[in-house]
Amino acid sequence: MPNSSRVNVILGWAIVVFSLLLVFVWIPLDTTTGVIERVRRQTLIGDSMAPMIAGIFLLIGGALLLVFERKASDQPQIDPLNLGIVTLMAAVIAAGFLIMRFAGPAAVEINNLITGSDLEYRLLRDTPPWKYIGYFLGGVLSITGVISLAEGRFSIRAALSAVCAVIFMIAIYDFPFDDLLLPPNGDF
Amino acid sequence: MTPLEYVWSGVLAVFQGPELFSVLGVSISVTLVMIFCGFLLGIAVGATPGLAGPIAMAISLPILISVFGFTPDALLPVMGFLIGIMKGATIGGAVPAILFNTPGTPDAYMTTLDGYPMTQKGQATKALRVAHFSSVSGDTFSDIVLIMCAPFLAILVESYLDLPEKTALLILSLSFIAAAVGGSPAKGLVSAGLGLLVAYVGTGQDFYPRLTMGMPAFGQGFPLAAAILGVLIVGAVFHELAQYWRERDAERLETKLVEDASQSLSLANIRGLMPYIARSAVIGTAIGALPGIGSTLAATLGYTVGKQRYDKRRKEDEPAFGEGAPQGVAATEAANSSVSGANLIPVLSLGIPGNTAAVFLILAAESIGGFNPGPSVFKFDAERVNPELVIAFGLFTAMILANIMNWTIGGLFMRSMGIMTRVPKQILLPIVLMLTLTAIYVQETDMAAVWFTLGFGLLGYGMRVLAISPLPFVIAFILGGKIEDSARQAFAATGGDPFFLVSSPVAATFMILAVVVVFASTGRRRLAG
């Protein structure tokens with residue numbers, strides 16, 4: 001059956017161009033030893049050899065796509081709406097993790113302003129309730145956001161599911177273990 | 001130690017490992033309990049559309065490592081749990097396929113063709129019994145072949161292949177996987193090339209970490225778990241969610257389960273199914289032994305071969321294949337289940353992972369340490385104890401135990417899992433996503449690993465959208481370092497011979513095959529298209 005999709009041709013060209021850039025620009029500029037090196041009268045394989053092999057795999061793959069599979073009947077149809085929704089989901093998760101990263105320290109700062117104390121998040125990163133603030137807020141936001149995007153609407157069920165799920169994750173990853181740190185506490 | 005003593009030590013390592021509790025004075029080892037728990041979890045995730053064994057393996061691995069630590073004692077409980085999941089998920093996938101026309105795992109698609117019509121005719125329980133019996137039979141046969149073949153293949157490789165031949169064999173495996181997985185050899189090569197490239201970022205022997213563009217974040221290379229879980233799990237979750245979003249308003253098919261009286265599987269029924277099961281088990285095992293060829297192809301081939309036989313022998317009053325023939329369910333389930341054991345042949349004997357379950361077993365072995373799957377495992381050292389060989393026989397014991405569980409309680413548990421299909425996918429998948437990212441973080445304790453995982457997740461999603469299989473990427477990522485190390489050693493050992501990959505007949509044959517397999521697949525595909 002004829003397929004109007006030109007995905008293989010576009011992908012093939014993109015891969016061929018990328019592999020040529022990889023082999024002739026990126027690898028020579030970003031690797032300090034060549035394909036073959038002579039060190040103390042010994043001939044050795046340099047650091048460029050393995051990435052070159054990767055580049056050759058890509059080049060052959062791209063060329064085969066262009067030569068043999070340009071009119072393949074099973075080429076996918078790209079749906080920009082699907083790409084958009086996944087980008088949005090990734091953005092929501094990234095936002096959730098950013099909130100996760102900064103919510104704990106922000107809570108400590110607010111507490112310091114209110115109580116006049118001089119607490120540091122770094123020293124509280126393994127102390128409840130501080131250690132859960134970032135993970136809880138970021139986790140609930142990420143899960144609720146992604147469920148809402150998938151369903152096309154916000155619902156209380158989504159938020160409640162997220163709250164239960166995050167509490168469950170804290171229960172399995174944190175409660176039983178002294179040596180595990182929930183995100184983002186290992187970065188402090 | 002003699003070979004028999006090694007086998008016995010492996011068995012004892014499972015049964016006499018650290019005790020979890022005792023029943024009437026009989027000690028129950030932690031490994032036994034872990035195999036059992038993994039098995040039950042595997043059936044549950046296999047029966048849940050949108051979930052599969054690899055997702056459960058990904059989420060549970062960091063928890064297991066935290067519980068058991070990074071000591072060799074952790075290997076059998078952790079890998080036993082993963083094996084349990086692998087076995088359970090294999091039979092669990094048939095449940096939603098038969099009851100609701102929704103395959104729980106991709107390879108269960110063919111099961112819907114006859115399984116669901118049987119349900120519509122009021123024979124749901126009988127279809128589940130047929131699926132369970134066929135699946136377990138195929139799996140058991142496959143495990144027997146694995147246990148018989150893997151040690152001999154490893155000894156053969158270790159005895160006859162030197163460094164250049166081993167390097168050529170790794171390249172051949174990669175090229176074979178690229179050509180065989182996903183249907184398009186060109187896209188398979190692209191996927192493998194990307195995997196190799198990513199594996200080489202931030203690594204190398206020189207002081208400067210190569211291909212990092214001067215960015216310190218890439219200086220240590222990409223974490224193994226971030227790349228694998230990102231491409232395999234996060235990418236799959238994004239893909240499933242996007243599909244759900246696209247089809248969220250579509251009408252859902254509701255199946256009302258009505259059953260007639262005869263749901264049992266009689267001895268006469270089993271006798272009638274056996275020829276189909278036997279053929280499919282051989283097909284699935286042969287396909288499974290080749291790295292990269294998945295159970296979906298095995299199921300398709302098993303079904304096709306079964307159909308040919310059935311069409312010749314079918315009586316007038318019997319349903320045709322595709323209209324609710326139990327033989328159709330048997331042929332499919334025996335074929336796709338018999339892939340799982342044989343898939344471990346290349347892992348244990350050559351260190352080459354052939355499917356996603358094997359990838360997670362390697363990930364577990366690399367995370368814990370003390371066990372490096374490959375030909376060196378099967379060194380029957382008579383003077384000193386080879387602990388890796390004991391672990392290998394421990395793993396075989398774990399597989400046999402999981403099979404015994406499958407034969408005894410698997411059917412009952414499987415038939416009670418219909419409820420899992422009602423778990424809403426759009427709620428479950430975001431939770432799985434957060435669980436995976438949390439799992440990565442607790443393992444790496446660095447937010448950069450989370451960003452890498454998300455990045456690899458988008459890459460995995462993009463690959464699925466472009467119909468590029470992510471499996472060659474993952475396998476190339478795992479084998480990348482091994483290929484480079486092996487090539488460096490072979491080059492040095494041959495005194496800097498630039499033709500070391502073609503200088504011996506065996507290595508040259510492997511290299512020629514590596515090229516032929518890609519071009520032959522491309523040509524075959526062109527003819528078929």
Side-chain angles (χ1 to χ4, degrees), chain A residues 7 11 15 22 26-27 30-33 42-45 47 49-51 53-55 57-58 60-62 64-65 68-69 72-76 78 82-83 85-86 89-90 93-94 97 101 139 142-143 146-147 149-152 158 161 165 169 172-173 177 179-184 186-187, chain B residues 63 66 178 183-190 192-194 196-197 200 204-208 210-213 238 241-242 244-246 248 426-427 429-431 433-435 437-438 441-442 445-447 450 454 457-458 461 465-467 480 483-484 487-488 491-492 496 498 518 522 525-526 529:
Chain A
V7 165
L11 180 68
I15 295 291
L22 173 70
W26 189 9
I27 295 172
D30 208 13
T31 310
T32 42
T33 54
Q42 270 191 316
T43 313
L44 303 170
I45 288 179
D47 277 358
M49 173 69 100
I53 304 286
F57 263 75
L58 287 170
I60 296 173
L64 287 178
L65 267 179
F68 294 112
E69 295 188 23
S73 56
D74 57 353
Q75 295 184 58
I78 305 295
N82 268 17
L83 296 181
I85 197 74
V86 168
M89 284 175 186
I93 295 164
F97 270 86
R101 175 73 176 71
S142 292
I143 297 174
V146 176
I147 295 174
L149 280 172
E151 291 184 330
S161 304
M169 287 179 224
I172 59 167
Y173 282 116
F177 308 112
D179 55 338
L180 288 191
L181 288 171
L182 286 169
D187 285 69
Chain B
I63 301 176
S66 303
S184 161
K187 288 180 181 173
L189 279 179
V190 169
L194 283 175
L196 286 176
L197 180 63
Y200 296 137
Q205 288 194 335
D206 196 63
F207 181 70
Y208 174 76
R210 67 187 164 196
L211 305 177
T212 54
M213 292 182 274
F238 278 147
L241 282 171
Y244 173 84
W245 179 78
R246 207 25 146 178
R248 67 190 189 279
Q426 78 280 14
I427 291 182
L429 290 176
I431 295 170
L433 192 61
M434 184 52 68
L435 264 169
L437 293 173
T438 307
Y441 188 88
V442 296
T445 341
D446 186 357
M447 214 48 149
V450 172
L454 267 182
L458 288 175
Y461 170 71
V465 167
L466 294 167
I483 291 176
E484 187 178 21
R488 282 183 196 275
F491 187 71
V518 170
T522 309
R525 182 178 152 79
R526 209 177 177 206

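Below, all heavy atoms of this structure are taken into account, side chains as well, without hydrogens, waters or symmetry copies. So that the names make sense, note that chain A is the first sequence line, chain B the second, and so on, each numbered from 1.
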Can you find a pair of side-chain heavy atoms, one from [X] and one from [Y], that are under 4.5 Å apart?
| X | Y | value |
| --- | --- | --- |
| A/F97 | B/M434 | yes |
| A/I78 | B/L466 | yes |
| A/L44 | B/R488 | no |
| B/V190 | A/L58 | yes |
| A/I93 | B/F238 | yes |
| A/L11 | B/K187 | yes |

Counting only non-hydrogen atoms closer than 4.5 Å, does [X] touch chain B with its backbone (N, CA, C, O), its side chain (CB onward), both, or neither?
| X | value |
| --- | --- |
| A/E151 | both |
| A/A50 | both |
| A/I27 | both |

Atom of [X], atom of [Y] and distance for their closest heavy-atom approach:
| X | Y | result |
| --- | --- | --- |
| A/A54 | B/G193 | CB-O, 3.7 Å |
| A/V146 | B/P430 | CG1-CG, 3.7 Å |
| A/A150 | B/W245 | O-CD1, 3.6 Å |
| A/P183 | B/T438 | CD-CG2, 4.1 Å |
| B/A192 | A/F57 | CB-CD2, 4.1 Å |
| A/L180 | B/V442 | CD2-O, 4.1 Å |

For the atom pair [atom1] ([X]) and [atom2] ([Y]), what is the distance rounded to the nearest 0.5 Å?
| X | Y | atom1 | atom2 | answer |
| --- | --- | --- | --- | --- |
| B/L211 | A/L22 | CG | CG | 7.0 Å |
| A/L181 | B/D446 | CG | CG | 12.0 Å |
| B/L194 | A/I15 | CG | CD1 | 5.5 Å |
| A/I85 | B/R246 | CD1 | CZ | 10.0 Å |
| A/I53 | B/I483 | CD1 | CD1 | 9.0 Å |

Between [options], which residue shows the highest count of heavy-atom pairs closer than 4.5 Å to chain B?
| options | answer |
| --- | --- |
| A/N82, A/I143, A/V7, A/L65 | A/N82 |
| A/L182, A/V86, A/T32 | A/V86 |
| A/I60, A/L83, A/I172 | A/L83 |
| A/G62, A/G55, A/A94 | A/A94 |

- Query: Taking the side chain from A/D47 and the backbone from B/Q205, do they hold a donor-acceptor pair closer than 3.5 Å?
  - Reply: yes
- Task: Please confirm whether the backbone N or O of B/T212 pairs with a side-chain atom of A/D30, one donor and one acceptor, at under 3.5 Å?
- Result: yes
- Message: With side chain to side chain contact (heavy atoms under 4.5 Å, CB included) as the criterion, how do A/L64 and B/V518 come out once you've worked through the C-alpha distance, each side chain's angles and the decisive distance to 0.1 Å?
- Response: CA-CA 10 Å; A/L64 287 178; B/V518 170; 3.7 Å; yes
- Task: Using the side chain to side chain contact (heavy atoms under 4.5 Å, CB included) rule, take B/I431 and A/M169 through it: C-alpha gap first, then chi angles, then the decisive distance, then the call.
- Result: CA-CA 9 Å; B/I431 295 170; A/M169 287 179 224; 3.8 Å; yes
- Message: Does A/W26 form a side chain to side chain contact (heavy atoms under 4.5 Å, CB included) with B/L197? I'd like the steps, not just the answer.
- Response: CA-CA 12 Å; A/W26 189 9; B/L197 180 63; 4.2 Å; yes
- Query: Would A/T33 and B/D206 count as having a side-chain donor-acceptor pair, cut-off 3.5 Å?
  - Reply: no
Using heavy-atom distances under 4.5 Å, tell me whether [X] contacts chain A through its side chain, its backbone, both, or neither.
| X | result |
| --- | --- |
| B/Q426 | both |
| B/I427 | both |
| B/Y461 | side chain |
| B/P185 | both |
| B/A487 | both |

- Message: For a side chain to side chain contact (heavy atoms under 4.5 Å, CB included) check, start with the C-alpha distance between B/Y441 and A/D187, then their side-chain angles and the critical distance, and finish with the verdict.
- Response: CA-CA 10 Å; B/Y441 188 88; A/D187 285 69; 2.5 Å; yes
